[in-house]
Amino acid sequence: MPDTAAATLLIDGHWRSAPATFDVVDPASLDVLGQAADAEPADALAALDAAAAVARAWADTDPETRSGHLRAAAAEIRARRDELASLLSRENGKPLAEAAGELAGGARMLEWAAEEGRRAYGRVTPASAAGPGLVLRSPVGPVLAITPWNFPASMLLRKVGLALAAGCPVIAKPAEQTPLIATALLGIVQATGLPAGVLQSLTTTRPAELVEALLADRRLRKVSFTGSTEVGLGLLRRTGDTLRRTSLEMGGHSPAIVFADADLEAAAAGVVTAKFFNAGQSCTAVNRLYVHESVRDDLLALIEKKTAALRVGRGDAEGTTVGPLIDEAGLAKVESQVADAVAKGARVLIGGSRWESGDPALRGHFYRPTVLTGVTADMFVSHEETFGPVLAVATFTGDDEAIDLANATDYGLAAYLFGSDLRRVWRALDRLDFGVIGVNDPAPVRPELPFGGQKNSGQEREGGAEGIEAYTETKAVALRF
């Protein structure tokens with residue numbers, strides 16, 4: 001672990017500081033929580049030097065040893081869950097219960113990766129006249145893992161766990177809004193006895209400069225990115241003349257469809273959970289709700305009641321269920337979308353404004369959980385990702401119309417279905433253009449399921465049996481005896 005507050009750079013097995021630091025701010029109070037080292041491109045190249053130097057040795061390390069580090073880290077995270085949840089809540093703003101849940105999920109992801117590292121199988125093909133064939137899988141090489149601020153623990157642990165399990169050294173680049181929880185978690189992983197150079201971490205306010213320096217170096221063999229679609233597509237454009245494996249998990253504009261035969265109480269609870277979890281700051285959050293017109297009024301009454309019961313406040317306050325947005329820009333986007341929708345005819349069923357606590361210590365970026373009805377396709381909220389606590393509601397009359405409305409987006413990460421007719425649900429599953437679908441389930445992200453999107457929401461998958469494939473290369477071997 002770092003021995004000074006701002007020594008947040010992990011390079012070649014040592015925690016380092018940097019000539020410059022930056023403040024880390026509590027989004028609820030706007031108070032400074034601490035400082036992090038502001039890495040420069042030279043630090044990034046030093047990290048890549050260390051990763052490249054150890055790549056062969058780590059690839060040759062047996063899978064059981066690699067998995068042992070991940071299992072030990074998962075156990076330590078569980079043992080320190082309360083301490084880590086407090087840090088995560090203060091740095092990100094999410095409620096303590098959500099922070100603890102994210103850490104538990106991150107530990108499960110480490111354990112899943114540990115097991116997948118032992119199951120990175122190849123195969124033997126039937127013998128031809130010339131002889132049999134082999135399909136081998138080998139580590140891709142040094143990995144750059146770029147992680148987001150909205151789930152700074154689970155996304156980091158998922159990428160790092162898969163890379164290490166596959167036999168790849170990894171350079172983590174946490175989001176600048178949440179470097180402290182990332183540093184704490186990577187410190188736990190490093191403290192399991194990882195060899196120097198296998199795990200690196202770069203905190204910085206200049207991510208584009210560091211990433212540019214790394215992408216220009218052929219020794220970097222894999223990029224795994226979670227963040228906005230704009231930034232993710234920019235990474236692809238900067239590939240230059242070096243082709244490398246690139247996993248992208250980008251933005252979403254998730255629809256939820258409630259059919260007429262749905263259990264309305266369960267559907268309302270599911271929609272509210274999937275919308276307002278993490279204050280709506282999730283790429284899988286429900287943005288658009290399409291409800292069959294025959295059950296619209298009953299469903300909206302339930303959603304309004306459940307939304308009204310949510311409690312806004314700082315994440316570490318008892319009873320808080322919705323915390324602040326991460327920054328002023330996020331809050332401004334939410335306000336802009338709501339104003340545009342209202343100007344074009346939408347009705348505010350509940351919420352629709354900033355939340356003011358009356359406590360001068362809470363100067364942060366709060367917005368009341370909001371439900372808009374009468375939403376139409378020309379409104380920004382219908383086609384732009386919100387990333388905030390606003391639910392846009394429209395109606396449909398037929399199944400085909402609902403599917404067409406859901407698919408009418410450039411995004412394709414997550415979608416949700418609520419209904420009881422298995423044939424109708426199965427037809428919808430087949431036609432929806434989304435990589436992750438929850439059926440009567442507001443939390444469809446699990447370690448054992450592949451996670452990733454279609455269209456402009458991403459490429460490749462993390463999690464499931466497919467997750468480790470993104471960190472390996474396939475070799476075909478023809479044998480002749």
_For a side-chain contact (heavy atoms from CB on, under 4.5 Å) check, start with the C-alpha distance between Ile77 and Leu157, then their side-chain angles and the critical distance, and finish with the verdict._
CA-CA 11 Å; Ile77 289 168; Leu157 294 172; 3.8 Å; yes

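- Contact check for Tyr290 versus Val258: no side-chain heavy atoms found under the 4.5 Å cut-off.
- Here the straight-line distance linking atom CD of Glu385 with atom OG of Ser457 works out to 8.0 Å at 0.5 Å rounding.
- Counting only distance, with no hydrogens or angles, the side chain of Arg90 and the backbone of Leu33 share no donor-acceptor pair below 3.5 Å.
- Taking 4.5 Å as the limit, every side-chain heavy atom of Phe259 sits out of range of all side-chain heavy atoms of Ser420.
- In this structure, Lys344 forms a cation-pi arrangement with Phe380, its terminal cationic atom sitting closer than 6.0 Å to the ring centre and no more than 45° off the ring axis.
- Counting non-hydrogen atoms of neighbouring residues, nucleotides and ligands closer than 6.0 angstrom, the CZ atom of Arg424 exceeds 12 such neighbours.
- Across all non-hydrogen atoms, the minimal contact from Thr21 to Ala6 is CG2-CB, 3.8 Å.
- Side chain of Thr370 to main chain of Arg368: a donor-acceptor pair is present (N/O by atom type, distance under 3.5 Å, no hydrogens or angles).
- Salt bridge absent: Arg461 and Glu249 never bring a charged side-chain N and a carboxylate O closer than 4.0 Å.
- Taking 4.5 Å as the limit, every side-chain heavy atom of Val425 sits out of range of all side-chain heavy atoms of Asp421.
- Formation of a donor-acceptor pair under 3.5 Å by the Ser282 side chain with backbone atoms of Thr284 is found in this model.
- Leu372 contributes atom CG, which lies 9.0 Å from atom CG of Leu349 (distance to the nearest 0.5 angstrom).
- A salt bridge links Glu460 to Lys222: at least one charged side-chain nitrogen sits closer than 4.0 Å to a carboxylate oxygen.
- Between the side chain of Tyr416 and the main chain of Leu289, no donor-acceptor pair closer than 3.5 Å is present.
- Heavy atoms only, all atoms of each residue included: Thr373 and Arg296 are closest at CB-NH2, 3.8 Å.
- A distance-only check finds no donor-acceptor pair linking the side chain of Ser154 to the backbone of Glu102 [under 3.5 Å].
- Pairing each heavy atom of Leu162 with each of Gly463, the nearest pair is CD1-N, 3.9 Å.
- Judged by the 6.0 Å and 45° rule, Arg314 forms no cation-pi pair with Trp355.
- Summarising the local packing, CZ of Arg423 is surrounded by 12 or fewer heavy atoms from other residues, nucleotides or ligands at distances under 6.0 Å.
- Within the 4.5 Å cutoff, side-chain heavy atoms of Ile403 are placed close to those of Asn407.
- Between Glu318 and Arg311 no salt bridge is recorded (no basic side-chain N to carboxylate O distance below 4.0 Å).
- Asp399 CG to Asp404 CG: the interatomic distance, rounded to the nearest 0.5 Å, is 11.0 Å.
- Ion pairing between Glu116 and Arg119 holds under the 4.0 Å rule for side-chain N and carboxylate O.
- The main-chain N or O of Phe451 is never found under 3.5 Å from a side-chain atom of Glu462 such that the two would form a donor-acceptor pair.
- The closest side-chain donor-acceptor pair between Ser247 and Lys159, if any, does not fall under 3.5 angstrom.
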*Report the C-alpha distance between Leu325 and Phe366 in whole Å, list the side-chain angles of each, state the deciding distance to 0.1 Å, and finish with yes or no for side-chain contact (heavy atoms from CB on, under 4.5 Å).*
CA-CA 6 Å; Leu325 298 178; Phe366 295 93; over 6 Å; no

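- In Asp378, the CG atom is crowded: over 12 heavy atoms of neighbouring residues, nucleotides or ligands sit closer than 6.0 Å.
- Two residues are said to be in side-chain contact when any heavy atoms from C-beta on lie closer than 4.5 Å; Leu84 and Ile181 meet this criterion.
- In the model, Ser89 has no side-chain atom that pairs as donor or acceptor with a side-chain atom of Lys94 under 3.5 Å.
- Counting only heavy atoms from C-beta outward, the side chains of Glu230 and Ser228 approach each other to under 4.5 Å.
- Salt-bridge check for Arg71 with Glu115: passed, with a basic side-chain N closer than 4.0 Å to an acidic carboxylate O.
- A salt bridge is absent between Glu469 and Arg245; no separation between the charged side-chain nitrogens and carboxylate oxygens falls under 4.0 Å.
- The distance from atom OG1 of Thr242 to atom CZ of Arg221, rounded to the nearest 0.5 Å, is 7.5 Å.
- Between the side chain of Thr307 and the backbone N or O of Ile303, at least one donor-acceptor pair lies under 3.5 Å.
- The shortest side-chain heavy-atom distance between Val223 and Arg244 falls under the 4.5 Å cut-off.
- Judged by distance alone, the side chains of Tyr471 and Ser224 do bring a donor and an acceptor atom under 3.5 Å apart.
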_Test side-chain contact (heavy atoms from CB on, under 4.5 Å) applied to Phe434 and Thr409, step by step_ = CA-CA 10 Å; Phe434 296 84; Thr409 174; 4.1 Å; yes

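- With sequence neighbours excluded, no residue forms a ring pair (Phe, Tyr, Trp, His ring centres under 6.0 Å) with Phe418.
- For the 3.5 Å distance criterion, the side chains of Asp359 and Ser357 fail to qualify, holding no donor opposite an acceptor.
- Closest heavy-atom contact between Ala74 and Ala107: CB-O, 3.6 Å.
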*Evaluate the side-chain contact (heavy atoms from CB on, under 4.5 Å) criterion for residues Leu310 and Val272: first the C-alpha distance (whole Å), next the side-chain angles of each, then the deciding distance (0.1 Å), finally the verdict.*
CA-CA 9 Å; Leu310 298 173; Val272 169; 4.2 Å; yes

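- In this structure, Lys173 contributes its side chain and Leu210 its backbone to no donor-acceptor pair below 3.5 Å.
- When all heavy atoms of Asp327 and Gln177 are compared, the closest pair comes out as OD2-NE2, 4.4 Å.
- Side-chain contact annotation: Asp38 with Thr204, donor-acceptor N/O pair under 3.5 Å present.
- Under a 4.0 Å N-O distance rule, the pair Arg446/Asp441 qualifies as a salt bridge.
- Nearest approach of Arg158 to Met109, heavy atoms of both residues: CB-SD, 3.6 Å.
- Side-chain contact between Arg431 and Asp400 is present, with at least one heavy-atom pair separated by less than 4.5 Å.
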*Yes or no on ring pair (Phe, Tyr, Trp, His ring centres under 6.0 Å) for Trp149 and Phe387, after CA distance, side-chain angles and deciding distance?*
CA-CA 12 Å; Trp149 52 261; Phe387 236 63; 5.7 Å; yes

_Evaluate Asp23 against Gln35 for side chain to side chain donor-acceptor pair (under 3.5 Å), listing each step before the verdict._
CA-CA 5 Å; Asp23 290 339; Gln35 287 78 37; 3.2 Å; yes

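- Between the side chains of Thr203 and Glu176, no donor-acceptor pair is found at a separation under 3.5 Å.
- Atoms NZ and OG1, from Lys306 and Thr273 in turn, are 8.5 Å apart once rounded to the nearest 0.5 Å.
- Of the possible polar contacts, none joining the His253 side chain to the Asp410 backbone as a donor-acceptor pair under 3.5 Å is found.
- Taking CG from Asn287 and OH from Tyr411, the interatomic distance works out to 9.5 Å, rounded to the nearest 0.5 Å.
- Using a distance-only test at 3.5 Å, with no hydrogens or angles considered, no donor-acceptor pair links the side chain of Asn278 to the main chain of Phe151.
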Sequence neighbours left out, cut at 3.5 Å: what donor-acceptor pairs do the side chains of residues 390-397 make with other protein atoms?
residue	atom	partner	partner atom	Å
Thr397	OG1	Glu401	OE1	3.1

